[in-house]
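The structure appears below as structure tokens.
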Amino acid sequence: MALYVHKYGGSSVADAEKIVNVARRIAGVHHAGHQVVTVVSAMGETTDALIDLAHTVATEPDPRELDFLLSTGELVSITLLSMALRNLGYDAISLSGAQAGIRTDSTYGKARISDVDPDRIQRELASGRLVIVAGFQGLTPDEDITTLGRGGSDTTAVALAAALHADRCDIYTDVEGIYTADPRAVPAARKLAEVGYQEMLELAAAGAKMHPRSIELGAVYNVPIYVASSFSDAPGTLIHQGPDNRNMEDRIKVTGIAYQYNIAKVTVRGVADQPGVAAALFEPLAEAGISVDTIVQNTSVDRTTTDISFTVTTPDLPRALREMAALEPMLGTSSIMSDDTLASVSVVGSGMQNAPGYASRMFRILADGGINIDMITTSEIRISCIIGQDHAREAVRLLHEGFQLDEAG
Ligand code: ASP
Ligand code: MG
């Protein structure tokens with residue numbers, strides 16, 4: 001008998017019919033002789049609707065009250081799912097995040113899980129019940145309700161799988177798995193049978209839809225995560241240790257191409273070329289909670305001044321510009337410029353580690369496509385280029401083809 005954690009996202013429980021469909025799937029796991037703990041998100045766009053509702057009564061809703069309100073979305077879906085299972089003749093019980101033993105810090109809106117006390121869930125499982133847990137929420141040491149940040153149910157599911165020593169965490173969603181590129185941009189994209197945690201993190205951070213914290217947790221606790229469709233039985237993608245378990249051919253390949261729209265670049269011209277300047281620029285951004293991705297500092301020609309450019313997501317641009325403007329008197333900079341029409345495209349694959357030639361191939365493919373590169377960054381298993389937004393889809397398609405990821409390739 002195996003123990004599985006299943007997670008169903010908002011689109012998988014969007015209406016009554018879909019909830020009954022999920023109930024049937026869970027019943028199937030039970031009939032196969034396994035134990036299952038199911039984590040669900042709020043129905044459809046419920047969380048968005050609750051946020052809008054909060055704003056009808058307050059311009060800046062109180063964070064504690066807002067989290068408490070948002071947590072009700074998941075309470076609706078867990079209770080309905082449990083009722084649907086009971087209606088089909090199964091012994092099911094729904095538990096809020098608090099009841100399920102999920103403890104968090106007190107950072108409303110993006111709380112982090114500090115601990116999972118699996119006692120209650122284990123007792124319910126032992127009595128033969130199907131356990132349904134509300135995703136995206138937890139309880140602070142002061143017994144207030146928190147939420148984990150948008151899309152946080154993935155993280156709830158993987159945290160529970162780790163705490164319960166589950167055999168696997170299945171994430172059921174409205175797509176069939178993880179692809180070599182976004183299938184909407186690249187029709188020839190192929191579904192990956194498996195992908196390593198690190199690769200998935202790079203793919204997630206660069207566009208694919210999964211809560212990155214869930215992948216980090218999976219990697220730390222070594223929880224195999226299986227991503228598949230809740231609407232079909234097509235095989236999905238296994239996210240696991242890799243690439244050691246992979247066959248040799250695949251190890252030398254690029255795994256996928258990722259992209260992200262909404263990239264903005266800020267350039268601070270003519271800052272003094274002396275110790276402490278970069279720290280002075282980036283400390284206020286960090287304090288404001290603005291995450292900076294690509295950073296490029298030019299070598300100064302005259303050794304007195306230099307230019308520093310960095311990227312943020314477009315929604316963070318106004319705040320980033322305000323922080324930079326506040327520094328102007330202190331740094332004596334000559335000008336601050338910005339461009340919010342950019343995107344990033346990334347080539348990802350653990351096979352690139354220690355292997356030369358991938359970067360030059362990427363640049364050649366983009367050059368042949370007449371696509372100009374604005375900035376470049378790399379990690380051990382990723383090369384990213386910042387390019388114009390207008391060219392993003394074309395770039396992804398060209399790279400997918402150029403690195404022989406197309407279906408036929
Ligand atoms: N319902 C929450 C949201 O929409 C959590 C989730 O879907 O994972 O962000
Ligand atoms: Mg959702």
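These values consider heavy atoms only, across backbone and side chains, with no hydrogens, waters or symmetry-generated copies. Please read these numbers as outputs of a predicted model, since none were measured by experiment. Whatever order the structure lists them in is the order used to number ligands and atoms, beginning at 1.
- Atoms of ligand 1 lying under 4.0 Å from any heavy atom of R150, numbered from 1 in the order shown and given with element: 3 (C), 4 (O), 9 (O).
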Quiz item: What do the steps show when you test H6 against Y4 for side-chain hydrogen bond (donor to acceptor under 3.5 Å, both in side chains), and what is the final call?
Solution: CA-CA 6 Å; H6 274 204; Y4 297 115; over 6 Å; no

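- Under the 4.0 angstrom criterion for non-hydrogen atoms, G151 is in contact with ligand 1.
- Close approach of ligand 1 to E74 (heavy-atom distance below 4.0 Å) involves ligand atoms 1 (N), 2 (C), 5 (C).
- Ligand 1 has G152 within reach: a non-hydrogen atom of the residue lies less than 4.0 Å from it.
- Residue contact check: S41 has heavy atoms under 4.0 Å from atoms 6 (C), 7 (O), 8 (O) of ligand 1.
- The backbone N or O of G97 lies less than 3.5 Å from a partner atom in the side chain of Q137, making a donor-acceptor pair.
- For ligand 1, the polar-atom distance check against T47 finds a nitrogen or oxygen pair separated by under 3.5 Å.
- Cation-pi check for R25 over Y172 is met; the charged atom lies under 6.0 angstrom from the ring centroid and within 45 degrees of its normal.
- Residues in residues 99-140 take part in no ring-ring contact (aromatic ring centres under 6.0 Å, His included) pair, two or more places apart or across chains.
- Counting only residues at least two apart or in different chains, ring-ring contact (aromatic ring centres under 6.0 Å, His included) contacts with residues 58-97 comprise H30-Y90, H31-Y90.
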